[in-house]
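One structure is given below, encoded as structure tokens.
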Amino acid sequence: VSILVVDDSTHIRRLLGVMLRQMGCKSIIETKDIASAMAALDKQPVDLAIIDWMLDDPEGDGIELIKLIRSSPMDNVKFLPIIMMTGHTE
């Protein structure tokens, strides 16, 4: 299973990476912004994306990234399963 983790927090990306590896995931791609996430999706297929809802990126937040993913011409990207997360309480 290949998982893309998108979060602007290095700490959260590493924490998720550790947890996913402990659950047996072998391929984890960590990115911190929309541009690097889209570049990663262009390079190799992934089975799941975990995206920070409140992504701190001048290009937009996690919702903007999902819009880009869903508008992709590539079916393996367009229909990618996505889990949204946030550490914010509001």
Side-chain angles (χ1 to χ4, degrees):
V1 175
S2 179
I3 299 177
L4 173 66
V5 175
V6 186
D7 197 302
D8 52 286
S9 168
T10 302
H11 175 73
I12 296 297
R13 287 194 313 270
R14 289 193 180 145
L15 178 64
L16 280 171
V18 167
M19 291 180 352
L20 291 167
R21 284 181 189 87
Q22 287 178 347
M23 293 189 304
C25 295
K26 302 285 186 210
S27 176
I28 300 163
I29 303 159
E30 298 178 13
T31 63
K32 64 178 182 174
D33 55 33
I34 290 173
S36 59
M38 293 306 292
L41 290 170
D42 283 342
K43 287 181 184 175
Q44 71 182 65
V46 297
D47 300 302
L48 173 71
I50 302 175
I51 301 171
D52 179 13
W53 185 299
M54 303 296 288
L55 192 61
D56 185 17
D57 185 337
E59 292 184 45
D61 58 14
I63 299 296
E64 291 303 315
L65 175 54
I66 289 176
K67 289 177 184 177
L68 288 171
I69 290 170
R70 294 295 181 238
S71 65
S72 171
M74 299 181 298
D75 284 346
N76 65 320
V77 174
K78 183 188 300 189
F79 299 112
L80 176 67
I82 297 171
I83 296 173
M84 294 294 292
M85 64 173 194
T86 186
H88 297 271
T89 59
E90 295 180 21

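Quick note: residue numbers are just sequence positions, from 1.
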**Prompt:** How far does CG of L16 sit from CD1 of I3, to the nearest 0.5 angstrom?
**Reply:** 9.5 Å
**Request:** List for me each residue that meets side chain to side chain donor-acceptor pair (under 3.5 Å) alongside S2, sequence neighbours excluded, and say none if there are none.
**Result:**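 With sequence neighbours excluded, S2 shows a side chain to side chain donor-acceptor pair (under 3.5 Å) to S27, given in chain and number order.
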**Message:** Which residues pass the side-chain contact (heavy atoms from CB on, under 4.5 Å) test with T10, not counting sequence neighbours?
**Reply:** R13, R14
**Message:** Which residues pass the side-chain contact (heavy atoms from CB on, under 4.5 Å) test with V18, not counting sequence neighbours?
**Reply:**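 Only Q22 meet the side-chain contact (heavy atoms from CB on, under 4.5 Å) criterion with V18.
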[Y] reachable from [X] in the ILVMFWY side-chain graph, under 4.5 Å edges:
{"X": "L48", "Y": "V6", "answer": "no"}
{"X": "I29", "Y": "I69", "answer": "yes"}
{"X": "I50", "Y": "M23", "answer": "yes"}
{"X": "L20", "Y": "I83", "answer": "yes"}
{"X": "M85", "Y": "I51", "answer": "no"}

Indicate every side-chain donor-acceptor pair of residues 54-63 with a distance under 3.5 Å to a residue at least two apart or in another chain.
| residue | atom | partner | partner atom | Å |
| --- | --- | --- | --- | --- |
| D57 | OD1 | E59 | N | 2.9 |
| D57 | OD2 | I34 | N | 2.7 |
| D61 | OD1 | I63 | N | 3.1 |
| D61 | OD1 | E64 | N | 3.1 |

For a 4.5 angstrom cut-off between non-hydrogen side-chain atoms, does [X] reach [Y]?
{"X": "L65", "Y": "I82", "result": "no"}
{"X": "I12", "Y": "D52", "result": "no"}
{"X": "V5", "Y": "T31", "result": "no"}

With a 3.5 Å cut-off and sequence neighbours excluded, list the donor-acceptor pairs that the side chains of residues 35-46 form with protein atoms.
| residue | atom | partner | partner atom | Å |
| --- | --- | --- | --- | --- |
| S36 | OG | D33 | N | 3.4 |
| S36 | OG | D33 | O | 3.2 |
| S36 | OG | D33 | OD1 | 2.6 |

**Asked** Which atoms form the tightest heavy-atom contact between L80 and D47, and what is the distance?
**Response**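 Scanning both residues, the minimum pair turns out to be CD1-C, 3.8 Å.
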**Item:** Side-chain hydrophobic cluster, 4.5 Å single linkage: members besides F79
**Value:** none
